[in-house]
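Protein chains get the first letters and strands the later ones, always in sequence-line order, with residue 1 at the start of each.
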There are 2 protein chains.
Amino acid sequence: MPDQGDVPQPTINRLPVYLRILKAAAREGLETLSSSDMERRTGISSDQIRKDLSYFGEFGKPGTGYSVATLLGRLMNIMGLDREQPAMIVGAGNLGAALTGYPGFAEWKFRVAAVYDNNWSKIGRRLWDLEIWDIQGMAQRNRKMGIEIGIIATPAEAAQAVADTMIKAGVRSILNFAPIRLEVPARIAVRNVDMTLELHVLSYRRKEKDRTAQPPKRTKPQ
Amino acid sequence: MPDQGDVPQPTINRLPVYLRILKAAAREGLETLSSSDMERRTGISSDQIRKDLSYFGEFGKPGTGYSVATLLGRLMNIMGLDREQPAMIVGAGNLGAALTGYPGFAEWKFRVAAVYDNNWSKIGRRLWDLEIWDIQGMAQRNRKMGIEIGIIATPAEAAQAVADTMIKAGVRSILNFAPIRLEVPARIAVRNVDMTLELHVLSYRRKEKDRTAQPPKRTKPQ
DNA sequence: TAGATTGTTAATCGATTAACAATC
DNA sequence: TAGATTGTTAATCGATTAACAATC
C-alpha cells in the first residue's frame, strides 16, 4: 500500500461519497460494483474512482469489479470509521441544538457526547439527553472523556477562543460552523462549514447563468 | 472586463472571503488594503488575490493597493449582493428552524421569506415570525413571491422531490443540506453542505496525522 | 525621484482524463 | 476462450506560483 501521506485532498474528499454509495449498495443486497456502476451513482468518472482507490491498495478484481462488502470494510477502516467517534459541541444555541440532535451523525458512528456553552442561563440545562456544561470546565472534564472531535457552533466572535480551549483540552479535529478562519497549530485538522459563503457563491453563479444560454441537460458536476 | 464565464470555480469560492475581510477593514476605518495586507487576513497568497481580482477588472492602484470602499462595492455588485435576496427553506425540523433564525444570513442581505414543510402537524404553525406553509402550495405561492433561492433542510429521502418541486416553482439556486447528490437541470446552481461528509474527512485526516511528525507551526491552509 | 505595489505573462505544479496491458 | 474490468502509466488540462515591466 502506498504512503497515505501523499493522497491528494480531492481524493480524500471523495472517499465519503464512495462510502455512502457502497452502504446503499449493501442495503440493496448487491455483491459487487464496478467502477462504472459507481460512476452512475456518484457522477464521478470511473477513471477517477479507480485512481482514487489505487492510492490505498488493490481492492478490485479485473472483469468483475469490487466486492461491496470488502471495499466498504476497507474504506471504513482507512477512514477510521470502524469504531465509535465521540464528539463535543460548543455553543448550545439553535444551530448547536440542531447539530446535537442531527440523526445523520449517529448513522456513521459519530456520537455527540458533550455540549458546552459559556452562557449562565444555559449551563446546567438539558439539550436532548445531555446536560450543558460550562466551557470553563472543559479541560478538566475532557481529561477523563478524551474527546478528540470538536464542533464549533458559536458566533464568529467566540470561535477562536473556543478553538484554543478545545485544543488545550485535547481536541485534534475541529468542524467549524462559525464564519471565520481559525488559527490553529498544523497538527490540528480543521474543516469549515460556511453557510453564508455558500449562499454567496450561489448568488454569483445565478448572475453568471443569466448571461449564458442553457442546454436543458440533467445531472452535472456540482 | 473579461468574460466572467471562464472564471475558475476556486476563484469564485474565494470571492466571499475577500468580501468578508473588506467589510471588516471598512469597519476598522481603513481606506486602502494591498494584496499583501489581504494575504495576512485571509491566508490566501497575494499573487493569488491579484490574479483572482484581475478576472473582473483592474481595481487597484500600483504603489498604493486597493480602495476598500471601491473594491467592496465592486465585489458586492459582481456577486449580486447589492440587493436583498429572498430565500425559501423547505423542512421545518431542527435544522430548518436553526437556519431560519440564523443571524449570519441577514447580515449579508439574505432573508428567509418562506418556510415549507409537508408535515400536517407543522403546517400552519409559526417558525420565528413565519408561518409554515404546505409544500403542495409552493408553485402557486411562489408565482407571486418569485423566490429564486431554495434551501433544503429535509431528510435525504425527501430531498430530490423537494428540489424538483422548487425548480417547478421557479427556484434557480439550491443550497442543499441533505446528504444526497441532487439531479437537476444544468441551469440550476447547487451547493451542498454535507456535515457528515466533513466529519468523515476529519476522521481520515486525524488518522493520517498520527503517522507524521508535526512541526509546531501555526496557521495553515484549511 | 525611490519605493511600493499592481496586472499579466511565463513557468511550475498537481490533478484529471485517456489509454492499455494485465488478469479474472 | 471472449468479454469485462482492473490498476497504472502517459498525456492533458487547469490552477497556482513566480517573476517583472508598468505605474502610482
Handout entry: Complement of C:dA18, any strand, by Watson-Crick or G-U distances under 3.5 angstrom
Key = D:dT9

Fill in the blank from the handout: From the candidates D:dA15, D:dT6, C:dT16, the one with an atom nearest any side-chain atom of A:Gln48 is C:dT16

Completion exercise
Ranking C:dT16, C:dG7, D:dT16 by distance to the side chain of B:Glu58, first place goes to C:dG7

Completion exercise
note: B:Ile49, atom CD1; D:dT16, atom C1'; distance rounded to Å ~ 13 Å

Handout entry: Nearest listed nucleotide, side chain of A:Arg14, among D:dT6, D:dT8, C:dT16
Key = C:dT16

Handout entry: Residue closer to the 5' end of DNA chain C, A:Arg50 versus A:Pro62 (nearest nucleotide)
Key = A:Arg50

Handout entry: Any-strand Watson-Crick or G-U partner of C:dA4, both distances under 3.5 Å
Key = D:dT23

Exercise for the section: Using whole Å, report how far CG of A:Asn13 lies from P of C:dG14. Expected result: 17 Å

Problem - Short side-chain donor-acceptor distance under 3.5 Å, B:Tyr18 and B:Asp52 - result: yes

Exercise for the section: Ignoring hydrogens and angles, state whether a donor on the side chain of A:Gln85 or B:Ser203 is under 3.5 Å from an acceptor on the partner side chain. Expected result: yes

Practice task
Among D:dT16, C:dC24, C:dA19, find the nucleotide with the atom closest to the side chain of A:Lys61.
Solution key: C:dC24

Problem - Phosphate OP1/OP2 of C:dT6 contacted by B:Ser35 side-chain N/O (<4.0 Å) - result: yes

Exercise for the section: Answer yes or no: does a side-chain N or O of A:Thr64 lie under 4.0 Å from OP1 or OP2 of C:dC24? Expected result: no

Exercise for the section: Determine the contact category for A:Ser46: base if any of its heavy atoms lies under 4.0 Å from a base atom, sugar-phosphate if only primed atoms, P, OP1 or OP2 are that close, otherwise nothing. Expected result: nothing

Practice task
Identify which nucleotide among D:dG7, D:dT6, D:dT17 has an atom closest to any side-chain atom of A:Ser54, counting heavy atoms from C-beta outward.
Solution key: D:dG7

Handout entry: Salt-bridge contact A:Asp194-A:Arg181 (side-chain N to carboxylate O under 4.0 Å)
Key = no

Exercise for the section: Classify the nucleic acid contact of B:Ser36 as base, sugar-phosphate or nothing, counting any heavy atom under 4.0 Å across all strands shown. Expected result: nothing

Exercise for the section: Decide, yes or no, whether a salt bridge links B:Glu148 with B:Arg172 under the criterion of side-chain N to carboxylate O below 4.0 Å. Expected result: yes

Problem - Rounded distance (Å) that lies between atom P of C:dA15 and atom CG of A:Asp52 - result: 11 Å

Exercise for the section: Round to the nearest Å and state the distance from B:Asp37 atom CG to C:dA4 atom P. Expected result: 13 Å

Practice task
Taking only the side-chain nitrogens and oxygens of B:Ser45, find out if one of them lies under 4.0 Å from OP1 or OP2 of D:dT17.
Solution key: yes

Practice task
Report yes if at least one side-chain N or O of A:Tyr66 is closer than 4.0 Å to OP1 or OP2 of D:dA4; otherwise report no.
Solution key: no

Practice task
Give the rounded distance in Å between these two atoms: CG of B:Leu71 and C1' of C:dT6.
Solution key: 13 Å

Practice task
Might you confirm whether atom CD of B:Glu31 has over 12 heavy atoms from other residues, nucleotides or ligands at distances under 6.0 Å?
Solution key: no

Exercise for the section: For B:Thr11, answer base if it contacts any base atom (sugar-phosphate contacts may also be present), sugar-phosphate if it contacts only those atoms, and nothing otherwise; contact means non-hydrogen atoms under 4.0 Å. Expected result: nothing

Fill in the blank from the handout: Rounded to whole Å, the NZ-P distance (A:Lys51 to C:dA19) equals 16 Å

Practice task
May I ask you to decide whether A:Glu28 forms a salt bridge with A:Arg41, counting only side-chain N to carboxylate O separations under 4.0 Å?
Solution key: yes

Exercise for the section: Could you tell me the separation between the OH atom of B:Tyr55 and the P atom of C:dT9, rounded to a whole number of Å? Expected result: 12 Å

Handout entry: Value in whole Å for how far the P atom of C:dT16 lies from CD of A:Glu39
Key = 14 Å

Fill in the blank from the handout: Closest of D:dA19, C:dT5, C:dA19 to the A:Asp47 side chain is C:dA19

